[in-house]
Amino acid sequence: MGARPGLRPHCGTRDAERGIGPRLDSSSQSSIDNRQSTIVHGWLFDLYPMRGGMVLWIVDEAGESHRLTEAFEPVFYATGARRDLAALGRALAADGLARPLGPARRREFWTGAMIDVLAFALGDPEAQPRLLRRIATFTTVTFFDCDLPLALQYAHHRKVFPVARVTATRDARGRLLDLAAADSPWEIEYEHPPLRRMALACQGDELGRGVPTGTLRVLEVRAGDEVVRLDEGDPGALIAELNRLLRRHDPHILFTQYGDAYLVPTLLLLARRAGIPLELDRDAIRRRIRLRGHSYFSYGRILYQAPFYPCFGRWHIDAKNSFLLRETRMQGLVELSRLSKIPVQKMARTSPGSAISGMQLDRALDEGILVPWKKGEPERWKSAWDLFVADKGGLVYQPLTGLHQGVAEIDFASMYPAMMVRHNISPETVGCACCAGDAAARVPEIGIPVCRRREGLVTRTLRPILARRAEYKARRKAAAGERREVYDQRQTALKWILVTCFGYLGYRNARFGRIEAHEAVTAWSREKLIQAREVCEAHGFRVLHAIVDSLWIRKDGATEEELAMLCRRIQAKVGIPIALEGVYKWIAFLPSRVSPRVPVVNRYLGAFANGETKVRGIDLRRSDTPPLVAEAQGRMIALLAEAPDAAGYRARVPAVLDVLAEYALRLWEGQARLEDLTITKSVSKKPEEYRHDTLSALAAKQLARKGIAVHPGEAVRYVIQRDGAADKAARVRPLELLGDDAAYDAAKYVDLLVRAAETVLAPCGYDAAKLHRYLDLIRRQETESRTLSSSGVRREG
DNA sequence: CATTCGCGGGG
DNA sequence: GTGTACGCGAATG
């Protein structure tokens, strides 16, 4: 039995015969000759399923948008007993969900063997969730390709991808007749379409949360050079004016801050109240206003996900709800969208893991591999998780605490992905039977064999990404200005893929994840770090510290050439590129604050020879440190970074103390700005569920009383007003309930400041008590000088 | 003291 | 509709 023609997804004119085509048609030009065709050149802007088919948006050179439709029947496969398959076919036909297409022969993922399957066509792509619920009852049948993202499936079938350069032929009713991509997603040099942007901002959106109540004081609309401020006063007028602006500028992208959580639902509520439809979309859809998102547990913390408000025919991009936009900007977003076949607007709201998954699925489809049905949750944000995994599986040495000089740091570049490629680590290659007898194929420590004959899917996906990122980095080096920025954003996007691909391998819900593969990576990484350490020591270097893929080493009089040579030696031994991160003028590995004799792995600060600093794990790096404290600590470290060595570090202690005094005085004198004192912490539960009255719990409770919901996973922002006050409500005030003239607890903030200074000065023997004594002295001097000079000249810091 | 709570990557 | 972890540091009770 061979693969038959006719198993391709069904498209185009055939469907019109079956009556699917007309349902797609939203135009009223039925009198025009349907056979009249037009050619559109442009970029594939967006694609999504709608009413029995796919809607495609193409933006042409002039920035005009074209809506095209095509009927589309995704194909999926099943295998099982003949009788079960027959029953399945009857059931799906009876429900009008899908129809059998006939037998096919495809490649099974785990074994790589060709197997016989039965192909089905899903009548309506939008019915995919219903299909999955229905086929879940057929427990004796195995399904493949049934839950693939529809845009990806369609894009793969049509050999196009998001933001591809395309040429399309359409009939007079907007139905797609032909579509061809003019470039490849792997093209390095490509241009974005000319997209018009509009930014919406409102007073209140900086809170980014709370149940949108449908109140909005001012809406600010920016498009081109125009800035329009709309007052809510009369919601009807506001919505009408916004609609007018949308029509006039006809933006492709709507940028918001907290648009998903707040602005868009608020506008929709206003529009509903005014009885005027809000024209955010270019397509005719019925919008539901969902106000409640959901909190969920993922990788050790509670996260909150606001409802999504995508636009149809436009991209709504909520800058505050897009990790990838924040990290990689538009160039990175589009780069990942092209490679993963996840449309840009969706890409903006998903994680790097989804992009990896898309790339793997795309490759599987390209190679005719059956994709196993992955029941359960799709992946979520997992930024915090990789850290955890690295700590758990990677090898970590205890640092030699204290202040050091002449230390070099060498890092394996993209260690995990590089190893996955080098050792062919993929779910279907780890533990393979065919290489069980091959001792060289075994994972260290664990002893599991890894296939040496067949390259794994994960490996095949990763290899070109590593190469592509290297290419972007090389071009970035040679480029300048805007082009340089383009390459940088794209390579950053790919870096995120590389950083998360390993975590994704061990993620229980990853489609191509497997814990043994994950363990193989960490086992090899431990071996490589040990080998690197041995090479270092063999060359007379002392290893002060090492974490997973980085080593801090020292040898008197070692030159850069010697370090470069050392890196080559290590690379030759372990087979993974390693490079000099830099030579530190000084670096301090900090001990534990709880037990000062105990080293901790990830608390250090250092200054490179080129003046740059690198700090980990200290106040500055934490998101819950108030800006004033972070700024002060940053300035202290900047001063210390001027020191050429450890002695210079110690010599700058007085200057650091001056900074401490300067900020403390500012606090005492009531000069600090409240926004610099704001503490941001996320809450992990509902306000009433807290067992301890922590400051953030108290802040959340105050907000709740005012009717502002703080969902688990959202952040509260507050200023400490009277820490430890018997009246717990007086201790803290959330930003939303703060008057402009509100007071703050200067002593408490000085405490935090002292703690930040202590972190930096501990290597010189200072502790909090000593720093407080110093500040007491300063304060006394200050009062004295005040009494002496009536003009009250301020002491210079 | 025990318990609760929040944070964190790399370049 | 929604599952799993670790170590540190700080704060509460």
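Owing to the predicted nature of the structure, the values given are computational and were not obtained by experimental measurement. As a basis for the values below, the full set of heavy atoms in this structure was taken, side chains included, without hydrogen atoms, waters or symmetry mates. In what follows, chains are A, B, ... by sequence order, proteins preceding strands, each numbered from 1.
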Any chance NZ of A/Lys701 has more than 12 other-residue heavy atoms, nucleotides or ligands included, within less than 6.0 Å? yes

Once the angle between the rings of A/Tyr304 and A/His711 is folded into 0 to 90°, is it parallel (under 30°), tilted (30 to 60°) or perpendicular (over 60°)? parallel

At less than 4.0 Å, is any side-chain N or O atom of A/Tyr416 found next to OP1 or OP2 of B/dG10? Yes or no. no

Donor-acceptor pair under 3.5 Å: do we get one between A/Lys495's side chain and the base of B/dG10? yes

Atom [atom1] of [X] to atom [atom2] of [N]: distance rounded to whole Å?
| X | N | atom1 | atom2 | value |
| --- | --- | --- | --- | --- |
| A/Asn602 | C/dG7 | CG | P | 14 Å |
| A/Arg622 | C/dA10 | CZ | C1' | 8 Å |
| A/Ile547 | C/dG7 | CD1 | C1' | 13 Å |
| A/Asp745 | C/dA11 | CG | C1' | 15 Å |
| A/Trp496 | B/dG11 | CH2 | P | 11 Å |
| A/Asp751 | C/dA11 | CG | P | 8 Å |
| A/Leu695 | C/dG13 | CG | P | 10 Å |

Does a side chain donor of either A/Gln721 or A/Asp745 reach within less than 3.5 Å of an acceptor in the other side chain? no

For [X], report the nucleic acid contact type (base, sugar-phosphate, nothing); a contact means any heavy atom under 4.0 Å.
| X | value |
| --- | --- |
| A/Thr492 | nothing |
| A/Lys614 | nothing |
| A/Lys473 | nothing |

Nearest heavy atoms of A/Met420 and A/Val458, plus distance in Å: CE-CG1, 3.7 Å

